[in-house]
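Convention: sequence-line order gives letters A, B, ...; per-chain numbering from 1.
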Number of protein chains: 2
Amino acid sequence: MSELSHRQKSILEAATRVIARRGVRGLRVEELSAEAGVSTALLYYHFGDRANLLRRTLEFISDRADRYTGEGVSADADPCAALERTLLLELQDDPDVRENSTAWGELRASAVFEPELQDQLRTSTEQWVRDIAELVERTRACSATPAASHPADTAERLTALVEGLSERWLSGSITLERARHLLRDAIAAEVGETLHTG
Amino acid sequence: MSELSHRQKSILEAATRVIARRGVRGLRVEELSAEAGVSTALLYYHFGDRANLLRRTLEFISDRADRYTGEGVSADADPCAALERTLLLELQDDPDVRENSTAWGELRASAVFEPELQDQLRTSTEQWVRDIAELVERTRACSATPAASHPADTAERLTALVEGLSERWLSGSITLERARHLLRDAIAAEVGETLHTG
DNA sequence: GTCTATAGGAAGATAGAC
DNA sequence: GTCTATCTTCCTATAGAC
């Protein structure tokens, strides 16, 4: 919400990288200051204390995720392909995606124990679900089978599945390819077989 | 794997409770010793150091989860109801369930950053998926619609969905009732409509 | 095996100069 | 706004008696 100075932004970007590398649990103020190329004192000058720094970072991450999803969605011409592409975007062997997914997973995991993060998390999640629900609705136009659920339900299931698969991938329980395969089939099942998979 | 003394077991139970309350990151050796009703020195006597204590606790949690699922599955006469009941077992407003789910979520989240936990996690997850796959297979007998996916795929999707929904529930992003509703519909969609849902 | 007491160190936070 | 140097707190881990 509040405007970020260039310096503050670069600190939050560094914090995102450190969280993706060590987790919220593993973030050391000193390691963050090294990553950002500033002194620890400066972190305290800008953010007060570690807890607040974390709060701001998680806010930063979820804002960035909103922007990310929002752009990809509206720019696409074919809604049927767009849904699949948008969701599969979260399961990619790309450093940025991995960083964002890991940091997001940490946000969720931390929120379980820190109620002050829950509002932030819920708001961001709901926004994501709404974006996907809109895509689902548009997808119905080019589906071969009739809709079984409300778009909101479908969207919430698919996004929750993405989170579950993403966590399994990041924690080494399944391969990326298998996660993608499972997600693709789930999408096909939820919105019906589309032209290119028929 | 190694035999646990009564004392060790009660310490690991206490550790599970503390992790469910504070998270892995928030577990303080002193708080654990108070919870277990012993001195901190005794924890070190039995478990060496904090990291090993954590490792053993997470192993304990996943062993307990295996036993939990295994029992419920085999004892049920009606496979169609059993699948739904077994999966919904994870989404209940019961202190024990909440404790186990929270601790399990922490195990998963920690494994992202600690490779030495990943084997443990993968093994336990695969066991769970296999148990559910077996139930899915049996469920096919009383399903009204033809099977769309391999039982292994269905089981892996449903369990990943359970984890995703559980995390959203525990982090306050959705209500328990909504999570249960979404899961029920997903099960119906995956194994086909069964008799009792018409 | 279990406790009390405490050493020792890591990490968060601040003081004060520039 | 930013740094260097340092303080303080908290927490893991151990020593030694019983």
Next on the checklist: Run the salt bridge (Lys or Arg N to Asp or Glu O under 4.0 Å) test against Glu167(B) and tell me which residues pass, sequence neighbours left out.
Outcome noted: none

Next on the checklist: Under 4.0 Å, counting only non-hydrogen atoms across every strand here, what does Leu32(A) touch: a base, just sugar-phosphate, or nothing?
Outcome noted: nothing

Checklist outcome for this item: Hits for salt bridge (Lys or Arg N to Asp or Glu O under 4.0 Å) against Arg21(B), two or more places apart or cross-chain, chain-then-number order -> Glu31(B), Glu35(B)

Checklist entry - Among all residues two or more places apart in sequence or in another chain, which pass the salt bridge (Lys or Arg N to Asp or Glu O under 4.0 Å) test with Arg178(B)? => result Asp153(A), Glu156(A)

Checklist outcome for this item: In the 5' to 3' direction, the nucleotides of DNA chain D bounding the stretch that comes under 4.0 Å of a heavy atom in chain B are dC11(D) to dA15(D)

Checklist outcome for this item: Sorted by chain and number, sequence neighbours left out, side-chain hydrogen bond (donor to acceptor under 3.5 Å, both in side chains) with Ser33(B) holds for none

Checklist outcome for this item: With sequence neighbours left out, the residues meeting side-chain hydrogen bond (donor to acceptor under 3.5 Å, both in side chains) with Arg168(B) are Thr159(A), Glu163(A)

N/O-N/O pairs, protein side and nucleotides 4-6 of chain C side, under 3.5 Å:
none

Next on the checklist: Asn52(A): which residues meet the side-chain hydrogen bond (donor to acceptor under 3.5 Å, both in side chains) condition with it, sequence neighbours left out?
Outcome noted: Arg55(A)

Item to check | Close residues, residues 44-54 of chain A, relative to DNA chain D [heavy-atom separation under 4.0 Å] | outcome: Tyr45(A), His46(A)

Item to check | For Gln118(A), all residues meeting side-chain hydrogen bond (donor to acceptor under 3.5 Å, both in side chains), sequence neighbours excluded | outcome: none

Next on the checklist: What residues from residues 8-16 of chain A pass a heavy-atom cutoff of under 4.0 Å to DNA chain C?
Outcome noted: none

Checklist outcome for this item: The complete set of salt bridge (charged side-chain N to carboxylate O under 4.0 Å, His left out) pairs with one or both residues in residues 109-119 of chain A, sequence neighbours excluded, reads Asp119(A)-Arg122(A)

